[in-house]
Amino acid sequence: MKISGSEAIIKCLIEENVDLIYGYPGGAIMPFYDSLYNFQDQINHILVRHEQGATHAAQGYARSSGKIGVVVATSGPGATNLVTGIADAQIDSTPMVCITGQVSSNLLGTDAFQETDIIGITTPVTKWNYQITKASEIPEILSKAFFIARSGRPGPVLIDITKDAQFEMTDFKYKKHKKLKSYNPEPKISKSKIKDAAELINKAKKPFIIFGQGVILSNSEKEFIKLIEKTGIPSAWTILGLSAVSTDHYLNVGMVGMHGNYGPNVLTNKCDLLIAVGMRFDDRVTGNLNKYAKQAKIIHLEIDPAEINKNVKVDVAVLGNLKNTLPLLIQEVKTNKHGNWLKKFREYNSIEYNKVIKKDLFPTKDKITMGEVIHQINEVTNGNAIIVSDVGQHQMIACRYAKFNETKSNITSGGLGTMGFALPAAIGAKMGAPKREVIAIIGDGGFQMTIQELGTIFQTGVPVKIVVLNNDFLGMVRQWQQLFFDKRYSSTEMVNPDFVAIAKGYHIESEKISKRENLKQSIKKMIDSPKPFFMEVVVGKEDNVFPMIPTGESVSNMRLS
């Protein structure tokens, strides 16, 4: 029995156990939406208010659930509106399958209405993309798409399907791919490299681990914790690695990077062995590469061969899936403790606490600080919530101070730094982990980039909690202008609308907090609410995020003020 190409798309999704998709209909994808009408009991379609919102929601869903996020959009502007989210997913290794409609194949290349070469546009920001012009291709190509998106180092895939291919009738047979010719998502593990790495670890007097999102993506949290507890090695995280290890774990020494913790950054240049686990030596982590860990031997555990020696030259590269390489390494390393070395991190933390953290979390001045908002959220949630942060000062504050007991709890835009990420990503995160509390932490600038997704919250009733930290500035840019451009605040001051009135317009319960004495009570009210809740907190206009590594400086040269 033959079925239409559009129905074949849906059957492929069902075969891949997809029960939730984010999208926005239009002319070139209309046959798909017509077929979807008959499958509403099997696939829940979330109508977003902008296609970019669909990609970020799919990212949030993928990051909280560990599944693949699925997005559907029409051709032309519908497809191009996906590009920012696709680029974000690519650099942050988020598995996503985007399906776009396209003009009929006889119109390709004619500049037809709403025709855009989305394959050419997205080639640099996808793991793979493909244009389907025949209905018979749909099962094979979509099976490949899901396999490629989830395997190895995950990432986004885009499949563009012409309108006539959606109408065309075809036989349907689906076979899930387990391998593809000339595609090797997981490199072969070298036992000798494992032994070489273990030898360096066993000899090291001052070893230091930096772990990234690779630990979470490979579901290797237990193995990683077993490694650090056996070796006693102090371990710090990148912002995407945050929550892989409980923030209160005795070997968790904090965050590396531009606004990370004092000790992990400074001691990167004092360790004798640096072990990178599932991270890519991003420039925000390394600072000036010419002054980065030059005194140390370096081990890199990584699934993607392209990351080896890309930014930092390493002594031992252990390629492979961490789920497989970490147990092998654990067998080879000796039980150890590095008490005196760990004490150094505690000493630096004490300095940072007195000069920075105490003022952030327990301020004496009138204005509420971003840090104390995060601290009060920790108090109410006991570190059990998923925190979805946008991009800017509030992001760095949230990553610095949020407490996490569970993995997959910190969701943010890392590599691309996409303002507007948090609101739609929080929608997806809540749908991916419906039993967990999901709180979006957003600045007044980023909030207005995707504010229309309040409509998606209103229509679906998804009970996300939204906290806008409002300083009437594009805060991070303003901080740079203050510190490095003589306080020439060019185009960074915001004249904001009444956010509470807007949220109420979407029938979302809302509050505005400007006094410290009301903060904790209002946060508790928000968390206790079974419905969506919006809270605007007025914070200091010219508060800065410290510590900070100025651009071009060594990680050793952190500014505490």
Side-chain angles (χ1 to χ4, degrees), residues 18-26 29 32-33 36 40 43-65 67 69-74 77-79 81-86 88-89 94 96-100 386-390 411-413 418-434 436-444 446-468 497 499-510 526 529-536:
V18 174
D19 56 8
L20 179 68
I21 60 178
Y22 299 90
Y24 205 97
I29 197 67
F32 168 85
Y33 275 91
L36 186 63
Q40 295 176 66
I43 295 181
N44 183 18
H45 176 273
I46 304 301
L47 177 63
V48 295
R49 295 306 186 263
H50 189 285
E51 291 90 351
Q52 183 181 342
T55 57
H56 295 327
Q59 287 176 275
Y61 174 83
R63 298 265 287 274
S64 72
S65 69
K67 300 176 183 177
V70 179
V71 175
V72 180
T74 194
N81 281 345
L82 303 179
V83 173
T84 296
I86 293 171
D88 196 291
T94 303
M96 184 163 71
V97 171
C98 297
I99 297 168
T100 52
I386 293 174
I387 302 291
V388 185
S389 56
D390 211 79
I411 298 173
T412 193
S413 172
T418 305
M419 290 178 67
F421 173 87
L423 184 60
I427 294 170
K430 182 63 177 177
M431 292 177 174
R436 298 192 64 192
E437 196 68 63
V438 175
I439 305 168
I441 306 294
I442 317 177
D444 48 310
F447 181 55
Q448 292 177 84
M449 286 196 169
T450 50
I451 195 170
Q452 70 277 356
E453 299 308 329
L454 291 174
T456 307
I457 294 171
F458 172 43
Q459 184 164 346
T460 61
V462 59
V464 296
K465 310 301 163 65
I466 306 154
V467 179
V468 168
F499 291 130
V500 167
I502 291 171
K504 284 182 176 177
Y506 285 101
H507 301 277
I508 297 170
E509 189 175 358
S510 310
M526 175 181 74
S529 173
K531 296 179 179 180
F533 198 105
F534 173 84
M535 179 186 294
E536 175 188 359

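Everything quoted here is computed from the prediction, not taken from an experiment.
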Over all atoms of both residues, closest heavy-atom pair of A54 and V71: O-CG2, 3.6 Å
4.5 Å side-chain heavy-atom contact, I457 and L423: yes
Flag side-chain contact, heavy atom, 4.5 Å: V48 against P424: no
Any side-chain heavy-atom pair of T84 and F421 under 4.5 Å: no
From H50 atom NE2 to T55 atom OG1, the distance as rounded to the nearest 0.5 Å: 9.5 Å
Sidechain-backbone polar pair: S64 side chain, A429 backbone, donor-acceptor under 3.5 Å: yes
Polar side-chain atom of D390 near backbone of G420 as donor-acceptor pair, under 3.5 Å: yes
N81 side chain vs P77 backbone, donor-acceptor pair below 3.5 Å: yes
Any F534 side-chain heavy atom under 4.5 Å of I502 side chain: no
Donor-acceptor contact below 3.5 Å, side chain K430 vs main chain R436: yes
Donor-acceptor contact present, side-chain Y33 to main-chain Y24, <3.5 Å: yes
Nearest atoms (heavy-atom pairs only) where S510 meets V500: CB-CG1, 3.7 Å
Closest contact, heavy atoms only, E51 versus A73: CG-CB, 4.0 Å
Exercise: identify the closest heavy-atom pair between G78 and L82: O-CG, 3.6 Å
From I387 atom CD1 to E437 atom CD, the distance as rounded to the nearest 0.5 Å: 9.0 Å
Heavy-atom check, side chain of P25 versus side chain of L47, under 4.5 Å: yes
Test item: Q52 side-chain N/O and G85 main-chain N/O as donor-acceptor pair under 3.5 Å: no
Minimum heavy-atom distance between C98 and I86, given as atom pair plus value: SG-CG1, 3.9 Å
Interatomic spacing from CG in L454 to CD1 in I427 - rounded to 0.5 Å: 8.0 Å
Nearest-0.5 Å distance that lies between atom NE2 in H56 and atom CE in M96: 9.0 Å
Pairwise distance OG1(T418) to CE(M449) - rounded to 0.5 angstrom: 9.5 Å
Student check: side-chain heavy atoms of N44 and M431 closer than 4.5 Å: no
Worked check of side chain to side chain contact (heavy atoms under 4.5 Å, CB included) between I99 and I21: CA-CA 10 Å; I99 297 168; I21 60 178; over 6 Å; no
From I411 atom CD1 to Q59 atom CD, the distance as rounded to the nearest 0.5 Å: 10.0 Å
Backbone of T412 reached by a side-chain donor or acceptor of S389 within 3.5 Å: no
Heavy-atom closest pair, residues P497 and Q448: CD-OE1, 3.4 Å
